[in-house]
Engineer: 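Below are the structure tokens for one structure; questions will follow.
To find a chain, count down the sequence lines: A is the first, B the second, and so on, and within it residues start at 1. Just so we're clear, the structure is a prediction, and the values are computed from it rather than from any experiment.
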Protein chains: 2
Amino acid sequence: MATNPYPRTKRGAERREQILRAAEVMIGTQGFSAASIADITRHAKTALGTFYIYFSSKEDVFRELVLEMGQLTRAMVTEAVADAPNRLEAERAGLKAFLRFVAERPSLYRIVEEARFIDVEAYKAYFTNFAKAYAAQLREAEASGELRPGDAEVRAWALMGIAKTLGERYVLWDETADIDHVVDEAYSMIRDGIAP
Amino acid sequence: MATNPYPRTKRGAERREQILRAAEVMIGTQGFSAASIADITRHAKTALGTFYIYFSSKEDVFRELVLEMGQLTRAMVTEAVADAPNRLEAERAGLKAFLRFVAERPSLYRIVEEARFIDVEAYKAYFTNFAKAYAAQLREAEASGELRPGDAEVRAWALMGIAKTLGERYVLWDETADIDHVVDEAYSMIRDGIAP
DNA sequence: ATAAAACATGAATACTGATTCATATTTCAA
DNA sequence: TTGAAATATGAATCAGTATTCATGTTTTAT
């Protein structure tokens, strides 16, 4: 049966949102396969069948969560970086904001990473969209002399890789890590490299 | 029933290896949950029940594959880096060797990444062990003045993040990428940073 | 050569959980 | 107010597959 794409009533919209939030919690903590539809609807305080009024499958909610996460992350970083005085400071601010975001919504972060194994297209889209915007920023900064010339696309992916991995290691795995220190060290490496 | 930890006969050792290789292929291409034990034993040309003579569960083979992958990766990078004239060149050689490794064994690489969702401990161990050795190298190089001073651990994780992400984007996703170009660009950023 | 230990087999077991559907209840436009 | 459209319900269906086990076969030590 096809998903009801737009709830027609206020109640419908609320239920859909309840279920989406419950899915975020359950899939984010248990993982995609361990979280059952029954878990999700129980947590959302609705009947099992209600799920299928709003989503056509478990993959379907999952995809929606990944999409939502993409919008959130982009909006968040964009805002965090908005009033940086220059591109280098924007890098520092962006990295810091991302790590804070991971700390605040570890479950959504986990969902994006798991997407690689559940919905590759959504996963690729998430990072590719991000990388495109990121590379464009780097190109602009390079043009105005704020950065040393270089391949903006490769740089964008490398910088994303740094953020992802530091988030995993120092935020998700380590309750006690000094985030500011990690940001400072990473930033210094990004800015000046490791050569003496 | 407990796994038979050490096959006592030549035939036993061969069967176990057959099954392990079949598991690598099936789990590496289909993913952990999509690959069934029946798939694995069919591919290994043995009976279903034979699987349980050598492994106690699907998670069990999986863990063994992750462990194997850890040893392989470390050995591979260590060798690739062995005769670099200095630490900076070692970075370049290590990154290049890693990307080549991803190209050669994409399925084992995928298995390591999926471990995050199947066996977190094995996943953490893989990266933590690698990071420890990596950081030690960086510390040594720093002490001998080959690198600018900095937090070796943070650097190790950041550098691993670059390698992981570039491998995913330019090797797994992109058949036609110019690996040497990617390595050169990334290396230049690692060595000198992006500041003008 | 022979018996004990290892190993091999695949049908049967056991269980989980996604999805459907017939049946109520609620909403809302006219 | 009213009935058609939306929404809600959860038991029943349906499918898949991890794991076990009783029964053979092969290997190895003596």
Engineer: Do you see a donor-acceptor pair shorter than 3.5 Å between the side chains of B:Tyr54 and B:Glu17?
Structural biologist: no

Engineer: If you count heavy atoms of other groups shown closer than 6.0 angstrom to CD of A:Glu68, is the number above 12?
Structural biologist: yes

Engineer: Send over the distance from A:Glu59 CD to C:dT19 C1', rounded to a whole Å.
Structural biologist: 12 Å

Engineer: Quick one: B:Ile40 CD1 to C:dA8 P, roughly how many Å, whole number?
Structural biologist: 16 Å

Engineer: Each nucleotide in nucleotides 23-30 of chain C should get exactly one letter: B, S or -. Can you fill that in based on protein heavy atoms under 4.0 Å?
Structural biologist: ---SSS--

Engineer: Atom CZ of A:Phe55 to atom P of D:dT7: distance rounded to whole Å?
Structural biologist: 13 Å

Engineer: Starting from C1' on D:dT19, measure out to CG on B:Asp60 and report it in whole angstrom.
Structural biologist: 13 Å

Engineer: What class does the angle between the rings of B:Phe127 and B:Trp157 fall in, given that below 30° is parallel, 30 to 60° is tilted and above 60° is perpendicular?
Structural biologist: tilted

Engineer: Is the ring pair B:Phe101/B:Phe98 parallel, tilted or perpendicular, if the boundaries are 30 and 60 degrees?
Structural biologist: tilted

Engineer: Starting from P on D:dA18, measure out to CD1 on B:Ile118 and report it in whole angstrom.
Structural biologist: 12 Å

Engineer: So what does A:Ala34 hit on the nucleic acid, given a heavy-atom distance under 4.0 Å: a base, only sugar-phosphate, or nothing?
Structural biologist: nothing

Engineer: Using heavy-atom distances to pick each residue's nearest nucleotide on DNA chain D, tell me which of A:Ala13 and B:Ser36 is more 5'.
Structural biologist: A:Ala13

Engineer: Between atom CD1 in A:Ile37 and atom P in D:dT9, what is the gap in whole Å?
Structural biologist: 16 Å

Engineer: Check whether any side-chain nitrogen or oxygen of B:Tyr52 sits under 4.0 Å from OP1 or OP2 of D:dC21, and answer yes or no.
Structural biologist: no

Engineer: Which word best sums up how the rings of A:Phe130 and A:Tyr134 line up, parallel for under 30°, tilted for 30 to 60°, or perpendicular for over 60°?
Structural biologist: perpendicular

Engineer: When the distance from CD of B:Glu17 to C1' of C:dC7 is rounded to whole Å, what number comes out?
Structural biologist: 17 Å

Engineer: Write down the distance between CG (A:Asp39) and C1' (C:dT19), rounded to a whole number of angstrom.
Structural biologist: 16 Å

Engineer: Can you pull out the residues from residues 42-51 of chain B that lie within a 4.0 Å heavy-atom distance of DNA chain D?
Structural biologist: B:Leu48

Engineer: Salt-bridged, B:Glu89 to B:Arg191, with N to O below 4.0 Å?
Structural biologist: no

Engineer: When you look at A:Glu153 and B:Tyr170, which way does the side-chain hydrogen bond (donor to acceptor under 3.5 Å, both in side chains) test go after all the steps?
Structural biologist: CA-CA 11 Å; A:Glu153 199 197 51; B:Tyr170 291 105; 2.7 Å; yes

Engineer: Nearest to the side chain of A:Ile53 - D:dA18, D:dT7, C:dA18?
Structural biologist: D:dT7

Engineer: Does the side chain of A:Val81 reach to within under 4.5 Å of the side chain of A:Glu91, using non-hydrogen atoms?
Structural biologist: no

Engineer: Taking atom CD of B:Glu79 as the centre, report whether more than 12 heavy atoms of other residues, nucleotides or ligands fall under 6.0 Å from it.
Structural biologist: no

